[in-house]
Amino acid sequence: MTLSSLLLHPSLPLLPTKFTTQSNNNNKINTLPTRFKPYSCLKSNHSSITKSHKLSCLEELKQAFPSKLSNQNNDTELDDESFQELVDKRCVDNVRMLIVDSVQHAKAGHPGMALGMAEVGYVLYRHVMRYNPRNPKWFNRDRFVLSAGHGCLLQYVCLHIAGFQSVQLQDLQRLCKLGSRTPGHPENVVTDGIEVTTGPLGQGVANAVGLALAEAHLAARFNKPDAILVDHRTYCIMGDGCAMEGISHEAASLAAHWKLNKLTLIYDDNHNTIDGPTTLAFSEDISTRFKALGWNTITVEDIHSNMNSFKDALCSAFRENEKPTFIRVKTLIGKLSGKEGTSKAHHGTFDEDDMKKMRQKVNWSDRGPFHVLPMVYREMQIQTDHGERLEEEWYSKLNYYQSKYPEDSVEFKILLNGGLVPGWESSLPKWSASEPVDATRGYSEKCLNQLAKVLPGLIGGSADLATSNKAYLHDFKDFSQPNSPWGRNIRYGVREHSMAGISNGLALHGSGLIPFAATFLIFSDYMKNSIRLSALSKAGVIYIMTHDSIGLGEDGPTHQPVEQLAGLRAVPRLLVFRPADGNETAGAYKLAVANRDVPSLIALSRQKVATRLEGTSASGVERGGYIVSDNSGNDLPEIMLIGTGSELCLCEGSAKMLRKEGRRVRVVSLVCWRLFDQQPKEYKEYVLPPRVSKRVSVEAGSPMGWREYVGGQGWVIGVEDFGASGAYLDTFKKFGFTEENVTRATKSLLCD
């Protein structure tokens, strides 16, 4: 079934939800939940604090702040704002002590950033962000990213007190333990409430840009004047290390260029890295840098003594309608401890004397480890209840949207349910041998554009190589604000690393977007860490990598990949395809799209190859490797030629020569090693019979890894040095990639 046919059936249910179509309040059906308004929104959930609520907190506040609260009987007459300030301060004290207790109990961890940014984490989770811990995947929730992933304890503590079932007190007590839900850096596949996996510094900044891009794009496509379904913000905490990594600069440049005004980047300016003070290697004015990029920049000078200064900064971010906001928060790393303000606070535990002093500073001496004040849970319950109301109102709006905008609602439903239309596979091209020959990048272009017609979530672009990669959706506009934010082509410029990190954010937004990212295979090295995180975090990004071998020719060894395929195949979970023709290219796309929790990389040729090699098939790609041709009949072959990509035709050409001489020859396409390795033993031995020891592999790349398939007696025809500049046929000949050389090597092996 195609997308257009689905749109003819608006009666399809929009979404399975726990909420009914009936509203239990007096709100008009087309009235949206009120979006946070500057400053007043930060107090809206406690604008009318009851006397009983004050009384429930009074004794704790008196004990914590004896100089601010006397023993008078009229303490409950304290104005609401002053009362809330004291409550917030005490809650932050509790957050810090949970951080300390977790590190001490685990005898491991990174308390420094978490202690320094405790106010920021608490304010976001208590007063600012829209979320529902009872349904962590609610679509219109605000997104939070911890790019400074070593500070994960702050997020774990906030998730716990906010009521997320994924982080109980027992989980805080199992910090960094094998199998725990509180690993040493945040992992989205381990802990509900974690949006993306972070750790390598700067990656989270790019992820956050991807999340904000997804929001802006979907808002432009689906929001109506009377029905706004897509309206959430993205918050990201970065540290000094993130600021130093180049990926953050690349991503920040794009965020400003794209005018992602709902993105707020919060910079933990604590002047320390692992080796010591940032003055060792970092002296630039980071705020001026971001201002030059086009960001709204704000500095918070005194968050430890005035949390409202951070709230004011957030209000400024909410008022900004065009620029993303960069909030520089000056903090003390390891706040409260004896290591405060030094790099020693970055990681490690605290000695007994320091622990005692910390407890004394916050009047905590009579509390045991992992104590949580009832007041803290009550405060966070207010935000939890608020988030649940917002979600229920959002589903009411969704039902209204379905009735008034049935066609758009069907497409929205497809996206929120994964983005795959029933029967989408049938849109992929089918090739005949009579069609004009092209490079596999050309066959890829046809696949991509056919898929775009039926997959509403397919979105992506190239790092300034769209015409070379053939990675452009011709029927769709470029993403651009304010001109065409609904566009599905993303212009990344020459920013390969951030392109991959942003693509991870798009994939993990949870809205059915299917991102693709394209460049030359050689430049995958710029992207490697983000590609690895795609696999680790189960982000189904499709990497389109053209110019996949020395066969690209004239650009020479700086642009000719040799070792890249071997390195990429080593990445766990990553599916690396190197298709030989149009058939296999279509098969690779089918699998790349279908595997939404596994990233794929499709390596494509610049040079032309046959549209359809005899014996290849799109379905064969599903098993990673399959028999292309064999003249052995009921006997075993004398020799097997195993190839990938553009070299498969060399194997087939050589086989034809040998068969004319009476030799029994099998040709095998090993288009995706990982999928082949996952097949049952019986199938693998059927394709590559163990009794046939004479084997030759042919691939214009590093020979590393091929020995597993050709065995100890086989030959590996590969590239063991850098390539060379020249016409591709001359380059191939120089390195032995001709039918004649493959045939010569095969005959030599047969004679052994």
What closest approach, in Å, do [X] and [Y] show between heavy atoms, and which atom pair accounts for it?
X	Y	answer
Gly625	Leu670	CA-CD1, 4.0 Å
Ser248	Cys242	OG-O, 2.6 Å
Gly551	Tyr728	O-CB, 2.9 Å
Leu473	Ala452	CD2-CB, 3.8 Å
Tyr492	Ala463	CB-CA, 4.3 Å
Arg612	Asn583	CG-ND2, 3.1 Å

[X] and [Y] ion-paired at < 4.0 Å:
X	Y	answer
Glu195	Arg141	yes
Glu393	Arg130	no
Arg143	Glu215	no
Lys262	Asp231	yes

Report task. Classify the side-chain pair Glu584/Thr616 by whether it contains a donor and acceptor separated by less than 3.5 Å. Result ->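 No pair is found: no donor N or O on one side chain lies under 3.5 Å from an acceptor on the other.
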Does atom [atom1] of [X] have more than 12 heavy-atom neighbours, drawn from other residues, nucleotides or ligands, at distances under 6.0 Å?
X	atom1	value
Phe479	CZ	yes
Arg569	CZ	yes
Lys224	NZ	yes

If you round to the nearest 0.5 Å, how far is [atom2] of [Y] from [atom1] of [X]?
X	Y	atom1	atom2	answer
Lys323	Trp295	NZ	CH2	12.0 Å
Ile266	Met238	CD1	CE	11.5 Å
Leu568	Lys528	CG	NZ	5.5 Å
Thr297	Ile327	OG1	CD1	10.5 Å
Tyr401	Asn223	OH	CG	7.0 Å
Thr197	Leu146	OG1	CG	11.5 Å

Do [X] and [Y] have side chains that get closer than 4.5 Å, going by heavy atoms?
X	Y	value
Tyr472	Asp478	yes
Lys470	Leu604	no
Arg488	Leu458	yes
Phe577	Met545	no
Arg578	Glu647	yes
Leu448	Tyr589	yes
His249	Leu293	yes
Tyr131	Leu124	no

Requested in this report: Evaluate the criterion side-chain contact (heavy atoms from CB on, under 4.5 Å) for residue pair Val609 and Leu648; output intermediate values, then yes/no.
Outcome: CA-CA 10 Å; Val609 296; Leu648 186 64; over 6 Å; no
State whether the side chain of [X] and the backbone N or O of [Y] hold a donor-acceptor pair below 3.5 Å, judged by distance alone.
X	Y	value
Glu435	Ser432	yes
Glu496	Phe523	no
Asn595	Gly540	no
His217	Gly487	yes
Asn207	Gly501	yes
Thr611	Pro436	yes
Thr440	Ser605	yes
Asn504	Ser530	yes
Thr198	Ser147	no
Asp408	Phe222	no

Query raised in the report: What do the steps show when you test Leu451 against Trp424 for side-chain contact (heavy atoms from CB on, under 4.5 Å), and what is the final call?
Result: CA-CA 7 Å; Leu451 287 169; Trp424 63 268; 3.7 Å; yes
**Report entry** Residues that Ile522 engages under side-chain contact (heavy atoms from CB on, under 4.5 Å), provided they are two or more places apart
**Finding:**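 Ile522 satisfies side-chain contact (heavy atoms from CB on, under 4.5 Å) with Phe520, Pro561, Gln564 once adjacent residues are dropped.
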**Report entry** Candidates Ser503, Ser534, Ser600 - the one meeting side chain to side chain donor-acceptor pair (under 3.5 Å) with Tyr543
**Finding:**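 Of Ser503, Ser534, Ser600, side chain to side chain donor-acceptor pair (under 3.5 Å) with Tyr543 is met by Ser534 alone.
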**Report entry** Full working for side-chain contact (heavy atoms from CB on, under 4.5 Å) between Lys453 and Ser427
**Finding:** CA-CA 8 Å; Lys453 296 175 182 178; Ser427 69; over 6 Å; no
Report task. Would you please test His547 and Leu465 for side-chain contact (heavy atoms from CB on, under 4.5 Å) and show each step? Result -> CA-CA 11 Å; His547 297 58; Leu465 290 169; over 6 Å; no
